[in-house]
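Letters A, B, ... are given to chains in the order of the sequence lines, protein chains preceding strands, and every chain is numbered from 1.
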Number of protein chains: 2
Amino acid sequence: MSESIPVSVKAPGRRRAAKGVRKRQLIEATIESIAKRGLGETTLSHVSTAAGLSQGIVNLHFTSKENLLNETLNFLREDYDQALQQALAKAPDTPAGRLAALLRADFKASVADRKKIAVWFAFWGEVKSRPAYRKICQDRVKNYNEILHGLLNALVVDGQYANIDVPQLADTITSLADGLWLNLLISARGMKRAEAERTMMQYLCSVFPKHTEAFS
Amino acid sequence: MSESIPVSVKAPGRRRAAKGVRKRQLIEATIESIAKRGLGETTLSHVSTAAGLSQGIVNLHFTSKENLLNETLNFLREDYDQALQQALAKAPDTPAGRLAALLRADFKASVADRKKIAVWFAFWGEVKSRPAYRKICQDRVKNYNEILHGLLNALVVDGQYANIDVPQLADTITSLADGLWLNLLISARGMKRAEAERTMMQYLCSVFPKHTEAFS
DNA sequence: ACAATTGATGAATAGGTGTTCATTCACAAA
DNA sequence: TTTGTGAATGAACACCTATTCATCAATTGT
């Protein structure tokens, strides 16, 4: 949000920063720009100006624009995974409780932020023509699926559910989650995060009727 | 290739076409290019070359690139709506049969074509920063939701189902459909259309257990 | 047959973008 | 203080892209 104040050249003391600091600063400016202007209209000028730095700064720290975008998508993925881990760490130790925590995490304010979702979709929109993006997105899905499969299997055992096709159920859940994100992004009458979360929980209740209290 | 020999024999009937014909030809070249290169890398040169025409042709028929892209998205939406109408027209006259037809249509070869899905996502990725795209996408969703609500209400009455929140159910169904599309686009082990359709049908079976035969 | 009309051309234009690199300058070690 | 290091600059460069427009030629009307 707060736009970085462009540093006056005259004002001393605003120079030099560790590499890691600048890189993160530039990545955040990139996310901001993609959310505001879209991926196609995001230029290095926009990014460096928003960061209050000079023209060549991105090439200095990332070598190329392509590299900046790859690292931006990577950052987004790590940010997402971290939110999941954090949610699981705080979750109760029951399968249902952990599953609920995992799926609620998708709709937390810090994850389902409209800006971040816009950036996710911007990259998804290029997935077919950019193998580098596809790789990162596939890795994220793969990791998510592994966690989800584990929890679903545990819950099926825990509740002695029969006739549940876990792989297909996992597909349904991940698809539902992604589709709800699209709703958050597009919907006219601003679908709210809470509403999306409720929809997801309601679905889980219907699949696991013995554990409704965990999904309420 | 050989060309520009200014003799009378210029080429076979390669000149002149009605406005509508050229426009459609250019829109199709645009879709092709977006699917192959992405929205950001699609240039007017690519489009006109792919159509076998000259530089200025897009500006002649569409005035601007922005216009071409808007009309391309519009075409995609009309194409989609048409597929839905066609599916409904051929459907049996029962609520369950019509619902099944509507949702199966999302995964027909001509609709869930990997190229078209890539283009949909390319535009969705810019929805936040381009009001014109957002408008078209919202209209499509709105129309879809109206049809879906009608069918769901009819089916609830038909089967005397209780405790069904139709608006929420409609949200779940549309989200699931969109999410399955993302799976088709990204998934590593190529999720197949048939698999996605089965997932959707299986979900409908779970919601409407008295009508499973319509969803099998 | 002869204009008139209009689709189509493609070279030229103007504006913008990513990248480079010689140079500057903050900072800390000697 | 002096000096070495490397972060940061920003003008210059080469490239690309959307758009224009004078020109051409196929079709239509008379």
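Relative to the ring axis of A:W124, A:R134 does not place its NZ or CZ within 45° and under 6.0 Å from the centre. For the pair B:R140 and B:W120, the cation-pi criterion (under 6.0 Å, within 45° of the ring axis) is fulfilled.
Side-chain contact of A:D81 with A:Y144: a donor-acceptor pair under 3.5 Å is absent, judged by distance alone. When only modelled atom types and interatomic distance are considered, B:S175 and A:N183 share a side-chain donor-acceptor pair under 3.5 Å.
For A:F62, the ring-ring contact (aromatic ring centres under 6.0 Å, His included) criterion is met by no residue, not counting sequence neighbours. Residues that satisfy the side-chain contact (heavy atoms from CB on, under 4.5 Å) test with B:V207, not counting sequence neighbours, are B:I164, B:L169, B:Y203. In this view, A:Y133 and A:F123 satisfy the ring-ring contact (aromatic ring centres under 6.0 Å, His included) rule, not counting sequence neighbours.
The interatomic distance linking A:E41 (CD) with C:dG18 (C1') rounds to 15 Å, in whole Å. Atom-to-atom, CZ of B:R24 to C1' of C:dG7 comes out at 20 Å; the value is rounded to the nearest Å. When the P atom of C:dG16 is taken as reference, atom CZ of A:R37 falls 14 Å away, rounded to whole Å. Atom NE2 of B:H61 and atom P of C:dT6 are 14 Å apart (whole Å). To the nearest angstrom, P of D:dA18 lies 15 Å from CD1 of B:I57. Between B:L53 atom CG and C:dG10 atom C1' the separation is 13 Å, expressed in whole Å. Counting to the nearest Å, the C1' atom of D:dA8 and the NZ atom of A:K23 are 16 Å from each other. Between the C1' atom of D:dA18 and the CG atom of B:N67 lies a distance of 14 Å, rounded to the nearest Å.
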If you apply the rule salt bridge (charged side-chain N to carboxylate O under 4.0 Å, His left out), what do you find for B:R130 with A:E41, and how did you get there? CA-CA 11 Å; B:R130 304 203 98 118; A:E41 304 294 315; 3.7 Å; yes
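An OP1 or OP2 oxygen of D:dT17 is reached within less than 4.0 angstrom by no side-chain nitrogen or oxygen of B:H46. OP1 or OP2 of C:dA8 has at least one side-chain nitrogen or oxygen of B:R22 nearer than 4.0 Å.
An angle of 10°, rounded to 10°, separates the two end axes of the helix from C:dA1-D:dT30 to C:dA30-D:dT1, each defined over five pairs.
For residues 122-129 of chain A, proximity to DNA chain C is found at no residue, defined as any non-hydrogen atom under 4.0 angstrom from a strand atom.
Using a 4.0 Å cut-off between charged nitrogen and carboxylate oxygen, A:E28 and A:R24 count as a salt-bridge pair. A salt bridge does not link A:K108 to A:D113: none of the charged nitrogens lies less than 4.0 Å from a carboxylate oxygen.
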So which protein nitrogen or oxygen atoms get under 3.5 Å of nucleotides 19-22 of chain D's nitrogens or oxygens?
{"from": "D:dT19", "atom 1": "OP2", "to": "B:N59", "atom 2": "ND2", "distance (Å)": "3.3"}
{"from": "D:dT19", "atom 1": "OP2", "to": "B:K65", "atom 2": "N", "distance (Å)": "2.8"}

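Taking 4.5 Å as the limit, every side-chain heavy atom of A:L39 sits out of range of all side-chain heavy atoms of A:V119.
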